[in-house]
Every structure is written in C-alpha cells, then in structure tokens.
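Notes to accompany the following structure.
Quick note on labels: first sequence line is chain A, next is B, and so on, each numbered from 1. Atom set for the values below is all heavy atoms of this structure, side chains included, hydrogens, waters and symmetry mates excluded. Small disclaimer: the values here were computed from a predicted structure and weren't measured.
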There are 2 protein chains.
Amino acid sequence: MSVDDRAPARQGGRPRAFEEVLARIEERIAADGLTVGDRLPGERQLAEQLNVGRSSVREALRVLETLGVVSSQAGRGPDAGAVLTSRPAGALAGLLRLHLGLATLSLREVVDLRLMVEQWSAEHAARSGEGLAEMAAALAGMDAATGPGEFVAHDVAFHLAIAAASGNRLIVAIMEAVRGAVHRYAVDAVARLGGTSGLQADHRRIHAAIGAGDAPGAAAAIAAHLARVYPPGDVPGE
Amino acid sequence: MSVDDRAPARQGGRPRAFEEVLARIEERIAADGLTVGDRLPGERQLAEQLNVGRSSVREALRVLETLGVVSSQAGRGPDAGAVLTSRPAGALAGLLRLHLGLATLSLREVVDLRLMVEQWSAEHAARSGEGLAEMAAALAGMDAATGPGEFVAHDVAFHLAIAAASGNRLIVAIMEAVRGAVHRYAVDAVARLGGTSGLQADHRRIHAAIGAGDAPGAAAAIAAHLARVYPPGDVPGE
DNA sequence: GACCAAATATGGTCAGACCATACATCGCGG
DNA sequence: CCGCGATGTATGGTCTGACCATATTTGGTC
C-alpha cells in the first residue's frame, strides 16, 4: 500500500548538467529575492554564465515550467524570455492526469483528496465569510445553464470560490487540479443524475451554511453533496 | 486571494514540438496499456517515429521525469532507457520547494495542508487498523534517537506509516512532499521545544487511538500534536 | 507626429558529433 | 565445459552551430 518503487530514482552518480542549472537558478531566485513577474536571463546568457550548453539550460527551464514556476515567451521585449510565474495548479493537474493514466492512482484516491479539501475549504470559508458573492454568481450560472458541460463549468466556479475564500492558495491549486482530473466524470454524473435540482439544493445548503458562519454545517453539506455525486462503490478505478 | 496570474501561461499559438511528443507518449501509454516497469522506445527511435528532433523528445521526457512518471538510465540492458515509474512525491516536493522559495506559497499554507492530510489519514488508519507495527517501530526509533535529526527521521516514518495505513497512495505522496518541505522547520522545532517527551506522549496517544479504532480520537490527537509543533502565529511566512 | 520597414533579441527546433555508461558478446585460457 | 576479461554496442548526456518564428525596437520616410 505504498507507491510502487521499482526503478528507484537515479542513483547517486554525477548530477546531470541541467540539475546543476536548476540548483543555480534556485539559488539565484533566493539570493536576488526574485519574485513573480521578474525575468530570468536569456537561455544563451545563462548557458555562458554556467558553462553549459544551451540544451541543458533549456531542460532546466522545462522542469521549472512543468512545476509552474516560469513561463517562456519568444520574441523581444519585457515580457519575453523566461518569466517567473506561479501556476502550481497546472503541475498538479498534469501529475494527476498522468498517474491516473498509468493506473498508478485510482479515481477513488483523487476523490478522497477532493472530499478532504472541499470540507476543509467550506469550514474555513464559513469562518472567513468571504466569497459569498462569487458563489452566488456561480449558483445563478448553474440555474441558467442549458447543458451538462455548461452546468459543470459553473459548478467548478462555485467550488473554486469556496476554496479561494479559505485563503489558502495551495488548496485552491489542488482544487483546480482535482476538478480537472475528474471533469469528465463530473459531466457524466450530471447527465446520469437526470437533473440538477438535487445538486442545486445541495449547493444552496452549502452556500447558506457558509453565509451563516456555520462551519460544521458547511462541512456536513459538502459531505452530503459529494456523496450524491460519488455514490459509494460507484467511482471507477477502485 | 488567488494564485497570481501574471504571465498567464502560453497563449494558443502552435503547440511546441515537445508538447506534441508528450501527447503522443501519453496516447501510447493508454493505447498499449503500458504500466510501471515497462520501457519506452529510445530517444533516437522516438524522434524518428514522431518526426521531431532528439532534443524535443528529451524535453518531453524531462517533463515526464519531473512529474515522476519516467526515470531515465543510461547504458544498455532491460533497465536502461526511459522506464515508466511512479514517484509523484518528488514532483510534489519540488513544487512546494520552488513555490515556497518564490514566496508564492507560505509555510502556513503548507502546514494547513499537512493538518488536513494528517487528520484524514489518522481517521482512516483508525478504521483500517493497519500499520500499527510500523508505527510502533517508529515510536521505538524516536525513543532511541540521540539528536533532533534522528528523531525527526523516525517522526517522519511514524506519520508516513499513518498515511500508508489510510490506503491512499496520493495522500502518502502528499505527506512525503509536505514533510520534505517542512523538514528544516521540524528539526528546529524539536530543538526549540527542549525535549521530546511531549511529542512522544502525543504520538502514543495517536497510536493508541488508531489501535483502538477511535477515529475521532485519533483526529483530535493529531490536531493537538500539530498545535504543539506549530503554535498559532509562530509559523514563519504568514 | 504617424506610419511602415529593417534590424535585432528571444525562444523553438533540428542535425550531427562526441562522451560516459553499462550491458552483451565473443574469445581465450583454464 | 566453465570462467573471465577484452571488445562491441546501444543507451542516455552534452555540446556546438545553424536556422526558423516571433515580437519588439529602432529608425527612416512621408
């Protein structure tokens, strides 16, 4: 019951050139106090500074891009080159997608994480009292939706508003990634349930509990909602 | 209160070559039913099959490696080349480390995630009743530890045993990554507390509650333990 | 001042070469 | 026949240099 450990990472030979580049870029970020929006030197310049080939620099930048820390744009000007960014959700989404594809993770495990994060978010949103307007807007959007796809889009906005109200950016990123991973399942579930009135009743209960500052009530409402969407034993990949 | 969105990902120009390679490799994994331990074709062979340069293939493989899905080994033989693996924890750890370095995430946000995951794990461990022997071994290791570093190593083993007992590999990976991110803080905290008797008392309460199948008790014991380690207002980066 | 053309800096990509590594194979000696 | 070392070879790792695509900057022209 642990993650499979075959092919146990790289053994400790010499570090690869791009790993050295990675470490140097991290040092530089820390030392220079770089933050989101700042630019890294160009690929050719970094290669010369670090005495490596440009391809090694590019591999390091690709890693940073995968982790949602830089974003590269060609061309010239202040926004070109490798710019520091903060998009952890993309990395998490890719991770879930690939490991689900490898059957290294089951949808059930992802759904467990979703329940955990949603309950926590709802409790904290109830205590902060923020984001109620965004949630209301999403509720209206779901009421007006004409198909499962549109409904789910507003549903995602509703749940992300709750996560954002919790005040924790990491939780928001996890929620984004999880919703991306279960998106197809969500659309199917809406179609399968034959209607959205039950879901909307759940949503309104959640919204009311958060608005009333009732943290336990919000958590319970979330649990009931997710139990409807993911009936026990009905999640593929168990 | 959301993740910063400056430099908003790549706009929708032509996809880059390595992205196409990535998509093709994913397709191939799904179509051929590849799983952990299987080998991908060599870089030169993939490049020829997909009509791209070898550097594009390498960038795609670097992304997959970053996400913990492949592991590359030079040389010859069955374990050489790009082998499918499953090491999501490394990717998560890198993500936390880099975003903490960028001050895009605060330690408080990571600690929130830790509390969430630990409580959930303890509840589920109490219901499954597994892993008690591993937890006991870690307790003994902490008793025998001679310094903060050694103590924390066994402490990590204790908490990972709880996560593993929950039966959710994604949770295990998150726990691993979170512990990696807060490792330095944990060692400092042990030194600062001036002794480990309080921590061990917490651990034994947690262990007893899990052994007794007392899920709420286990969750409460975890919460009390983490409140001791992370006193409110005392976590850097708030 | 407005506008268009050329220069330029940047990432994106490819081709080819060479190195380091580690298994596979072969051949020799016992 | 077995053991073992030398050689072969396939693999990833790295560098170089070239060229393309793109977008800004620059500067000239009206």
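- When each of A:Pro15 and B:Ala80 is assigned the nucleotide of DNA chain D bearing its nearest heavy atom, the one mapping closer to the 5' terminus is B:Ala80.
- Scanning for side-chain hydrogen bond (donor to acceptor under 3.5 Å, both in side chains) contacts around A:His124 gives A:Trp120, with sequence neighbours left out.
- Not a single salt bridge (charged side-chain N to carboxylate O under 4.0 Å, His left out) links A:Asp79 to another residue, sequence neighbours left out.
- Distance, A:Leu61 CG to C:dT13 C1': 15 Å, rounded to whole Å.
- One can place CZ of A:Arg16 at 18 Å from P of D:dT11, the figure rounded to the nearest angstrom.
- Within the structure, every pair that satisfies the ring-ring contact (aromatic ring centres under 6.0 Å, His included) test and touches residues 156-180 of chain A, not counting sequence neighbours, is listed here: A:Phe158-A:His203, A:His159-A:His203, A:His159-A:His225.
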Enumerate the protein-to-nucleotides 14-21 of chain C contacts in which both atoms are nitrogen or oxygen and the separation is below 3.5 Å.
from: C:dC14; atom 1: OP2; to: B:Gly53; atom 2: N; distance (Å): 2.8
from: C:dC14; atom 1: OP2; to: B:Ser56; atom 2: OG; distance (Å): 2.6
from: C:dC14; atom 1: O5'; to: B:Gly53; atom 2: N; distance (Å): 3.2
from: C:dT21; atom 1: OP1; to: A:Arg14; atom 2: NH1; distance (Å): 2.8

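- Residue B:Glu59 contributes atom CD, which lies 14 Å from atom C1' of D:dT14 at whole-angstrom precision.
- When the P atom of D:dG17 is taken as reference, atom CD of A:Glu43 falls 17 Å away, rounded to whole Å.
- When A:Leu64, A:Leu67, A:Val57 are each tested for a side-chain contact (heavy atoms from CB on, under 4.5 Å) with A:Leu22, only one passes: A:Leu64.
- Legend: side chain to side chain donor-acceptor pair (under 3.5 Å) pairs involving residues 131-142 of chain A, not counting sequence neighbours: none detected.
- For B:Glu26, the salt bridge (charged side-chain N to carboxylate O under 4.0 Å, His left out) partners at least two apart in sequence or on another chain are A:Arg97.
- Counting to the nearest Å, the P atom of C:dA22 and the CD atom of B:Gln73 are 8 Å from each other.
- Going from atom CD of B:Glu20 over to atom P of C:dG12 covers 16 Å, rounded to whole Å.
- Separating the CZ atom of B:Arg58 from the C1' atom of C:dG12 is a distance of 16 Å, rounded to the nearest angstrom.
- Rounded to an integer number of Å, the gap from CZ of A:Arg62 to C1' of C:dT13 is 11 Å.
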